[in-house]
Amino acid sequence: MADTVVSPSAPRPEGLRGIAADWASDQRAFKNVPWGKAMMWIFLLSDTFIFGCFLLSYMTARMSTRVPWPNPSEVFALHIGGQNVPLILIAIMTFVLISSSGTMAMAVNFGYRRDRKKTVVLMLLTAALGATFVGMQAFEWTKLITEGVRPWENPWGAAQFGSSFFMITGFHGTHVTIGVIFLIAIARKVWRGDFDIERRGFFTSRKGNYEVVEIMGLYWHFVDLVWVFIFAFFYLW
């Protein structure tokens, strides 16, 4: 039986058939996307909805409460040299995390050049910056808990402040911590040459393919981008 050939000049079907035809025409593009990268994008999309819901809930709570909201410049100030310096710790944390995004981008670049040594060094540097960020966040939590901040109350005003702070920053800090662990694990595999000899194990791709480094980079850039929104909405608003 002869195959039916559709002429390029044939009119485009309408309705649901037209939508199906559009998707079918792009099947080769989808087939060329590595499954690992596609799954990471799907995960990041779902995570975007979660962080978006958290930030929307925070903004709703802040705008609906009748109790004065604590001033971030006062709450997150550090006492240095006999005076309070507002948001100095938060500014350093932001600088550290944004810098780690640059080192991660360079690690991906050298990974595709198959420069194992520079890839490992840059990934470990990224992990060190991430760990530094988490350490400073732990210091921030300790300081606020010592000053009386709880999920249900705080000494400066609206009780919703504590729950919003611990929920949003804690969820983000968990993402950074998981990222640091995976950065170290993948850096170890790069150093051992797992991607060159195709050694069996988790996150080992095809021989000579450092794609997993790029996938890790997608996750890390997402974590950095989310922090920018948290910094803008929570600390500067």
message: Rounded at 0.5 Å granularity, tell me how far NZ in K189 sits from CZ in R116.
response: 12.5 Å
- prompt: Which heavy atom in S100 sits nearest to a heavy atom in D224, and how many Å separate them?
  reply: OG-OD2, 3.6 Å
statement: d(S101 OG, M106 CE) to nearest 0.5 Å is 10.0 Å
field: Qualifying salt bridge (charged side-chain N to carboxylate O under 4.0 Å, His left out) pairs, either residue in residues 128-145, two or more places apart
entry: K143-E147
- request: With salt bridge (Lys or Arg N to Asp or Glu O under 4.0 Å) as the test, would you mind laying out the steps for K37 and E211 before giving the verdict?
  value: CA-CA 8 Å; K37 191 181 296 185; E211 183 181 280; 5.1 Å; no
query: Roughly how far, to the nearest 0.5 Å, is the CZ atom of F182 from the CH2 atom of W220?
result: 12.5 Å
task: Write out all pairs satisfying salt bridge (charged side-chain N to carboxylate O under 4.0 Å, His left out) with one or both partners inside residues 228-237, taking only residues at least two apart or from two chains.
output: none
Pairs where residues 38-56 contributes a residue and the test side-chain hydrogen bond (donor to acceptor under 3.5 Å, both in side chains) is met, not counting sequence neighbours: D47-H175
Residue among F171, Y58, F234, F229 satisfying ring pair (Phe, Tyr, Trp, His ring centres under 6.0 Å) with F51: F171
Compile the donor-acceptor pairs under 3.5 Å between side chains in residues 119-128 and protein atoms, sequence neighbours left out, one pair per line.
from : atom 1 : to   : atom 2 : distance (Å)
T119 : OG1    : F110 : O      : 3.4
T119 : OG1    : G111 : N      : 3.1
T119 : OG1    : D115 : O      : 2.7
T126 : OG1    : T103 : OG1    : 2.7
T126 : OG1    : M104 : N      : 3.4
T126 : OG1    : L122 : O      : 2.8

Spacing of I168 atom CD1 and L55 atom CG [to the nearest 0.5 Å]: 5.0 Å
Check: A187 main-chain N/O paired with R192 side-chain donor or acceptor under 3.5 Å: no
query: Which salt bridge (charged side-chain N to carboxylate O under 4.0 Å, His left out) pairs, counting each pair once, include a residue from residues 151-175, with sequence neighbours left out?
result: none
query: With no hydrogens and no angle check, is any side-chain donor or acceptor of T65 less than 3.5 Å from a backbone partner on A61?
result: no
query: What distance separates F231 CZ from I90 CD1, expressed to the nearest 0.5 Å?
result: 8.0 Å
message: Donor-acceptor pair, distance only, cut-off 3.5 Å: does the side chain of N109 make one with the backbone of Y112?
response: no
task: Report the C-alpha distance between T132 and M136 in whole Å, list the side-chain angles of each, state the deciding distance to 0.1 Å, and finish with yes or no for side chain to side chain contact (heavy atoms under 4.5 Å, CB included).
output: CA-CA 6 Å; T132 302; M136 289 188 290; 4.0 Å; yes
message: Tell me if the centroids of the rings in W227 and F222 come within less than 6.0 Å of each other.
response: no
Report all side-chain donor-acceptor pairs from residues 67-83 shorter than 3.5 Å, counting only partners two or more places apart or in another chain.
from : atom 1 : to  : atom 2 : distance (Å)
N71  : OD1    : S73 : N      : 3.2
H79  : ND1    : N84 : OD1    : 3.1

field: Check: H172 side chain, V226 main-chain N or O, donor-acceptor pair, under 3.5 Å
entry: no
